There are 2 protein chains.
Amino acid sequence: MQYQKVENLSSLLKSISHPIRLKILCLLQEKELTVGEIRDEVATTHANISQHLTILRNQGVIDFRKDANFIYNRIADERVTEMMKTLRSLFCQPGTK
Amino acid sequence: MQYQKVENLSSLLKSISHPIRLKILCLLQEKELTVGEIRDEVATTHANISQHLTILRNQGVIDFRKDANFIYNRIADERVTEMMKTLRSLFCQPGTK
DNA sequence: TCAGTTTTTAATTTAATGCTTAAATTTAAT
DNA sequence: ATTAAATTTAAGCATTAAATTAAAAACTGA
C-alpha cells in the first residue's frame, strides 16, 4: 500500500474511532438526521455533538443539507456505508463479544 | 448497536488508526514478521515499533511467537484480516484517491 | 561467561483529544 | 422587532497519545 493511501485511510479510521462518532454513523446508516435527533440518541450536549459532526464533515465522511433551521446530516461517501456494513457484520453480530 | 459493541469497535478502530500500525497490519496480511523486519519496512526506531506492537497486542489484534531471540508477529483475529481486505478493496484500489 | 542481537521499558517532552461552559449565529415563528 | 429554537464557535482545562532518547532485559552462540 503506498504511503499516501496509508495516511488517508488512517486519517479516515481515526475520524470514526470514537464511540460517539461511530454511533452517529450507525444512526445515519438508516436515514439522515438532524443534530437534535442525533443528540437525543447519543446523550451528550449539543455542543459536543456539533464538534463531532465537524470532525466527520472535515474528513468528508458526512454531508449535510439545510432546511429551515434544521441541519440534516447524511453519510457522504458510499464506501463508508460499505465499510460500516462490513464492520457491523464482523464485530456486531449477536454472539460476538 | 448496543453500547458495549460500540465501545469495543471504536477501541479496535482506534488501535489501528495510526499510519504505522495500519502499515504493520498490511505487512502482516502476507506473513508473520519479526520486529526487526517490520522496522525495516516502516522506517522508525525499534522502540517506537515495539510500542505500537504493544498497543496492537493489548487490543488482541496481533499475536506472537518466540523463536531464538526473534519475535514473530502475526494477526490474531481472522475478523481483522477480513476487515483489512474490505478496507483495502474500498480505499486502496488504483484509481481511488 | 562474554559479546552481540533483538526487543522492551522508562522517562521526558511535545502535541493532540475530549469535554464543559459560555457566547455567538442563524433561522423561523410570534 | 422580539423571542425562541437549533446549531456553531471558541476558550479553558485535564487527559491521553506519540516520538525520542537512553537504559535495561532477554536470548544466542562461541
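Letters A, B, ... are given to chains in the order of the sequence lines, protein chains preceding strands, and every chain is numbered from 1. These figures come from a predicted structure and were not determined experimentally.
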Would you jot down, in residue-number order, the residues of [range] having a non-hydrogen atom under 4.0 Å from DNA chain C?
| range | answer |
| --- | --- |
| residues 41-52 of chain B | H46(B), A47(B), S50(B), Q51(B) |
| residues 11-19 of chain A | K14(A), H18(A) |
| residues 21-39 of chain B | T34(B), V35(B), G36(B) |

Inset, instruction - With pairs defined as Watson-Crick or G-U wobble and both distances under 3.5 angstrom, please note down DNA chain C as a dot-bracket string, | for pairing with another strand. - result: ||||||||||||||||||||||||||||||
Indicate yes or no: at least one non-hydrogen side-chain atom of [X] is less than 4.5 angstrom from one of [Y].
| X | Y | answer |
| --- | --- | --- |
| L25(B) | I62(B) | yes |
| I24(A) | N73(A) | no |
| L9(B) | L12(B) | yes |
| Q29(B) | K85(B) | yes |
| K23(A) | I38(A) | no |
| R88(A) | C26(A) | yes |
| L13(A) | L87(B) | yes |

Inset, instruction - With a 4.0 Å heavy-atom cut-off, tell me which residues in residues 54-69 of chain A come close to DNA chain D, sorted by residue number. - result: R57(A), N69(A)
Inset, instruction - Could you list where the contact with chain A starts and ends along DNA chain C, reading 5' to 3', using a 4.0 Å heavy-atom cut-off? - result: dA16(C) to dA28(C)
Inset, instruction - Return each pair, listed once, that meets salt bridge (Lys or Arg N to Asp or Glu O under 4.0 Å) where at least one residue sits in residues 38-51 of chain B; pairs must be two or more places apart or across chains. - result: none
Legend entry - Residue pairs involving residues 55-71 of chain B (criterion salt bridge (Lys or Arg N to Asp or Glu O under 4.0 Å); sequence neighbours excluded): E32(B)-R65(B), D63(B)-R74(B)
Inset, instruction - Name all residues meeting the side-chain contact (heavy atoms from CB on, under 4.5 Å) criterion together with T45(B); count only those two or more places apart in sequence or in a different chain, and write none if there are none. - result: A47(B), N48(B)
Legend entry - For E78(A), side-chain contact (heavy atoms from CB on, under 4.5 Å) partners two or more places apart: T81(A), E82(A)
Legend entry - Partners meeting side-chain hydrogen bond (donor to acceptor under 3.5 Å, both in side chains) with S89(B) (sequence neighbours left out): none
Legend entry - Pairs where residues 34-55 of chain A contributes a residue and the test ring pair (Phe, Tyr, Trp, His ring centres under 6.0 Å) is met, not counting sequence neighbours: H18(A)-H52(A)
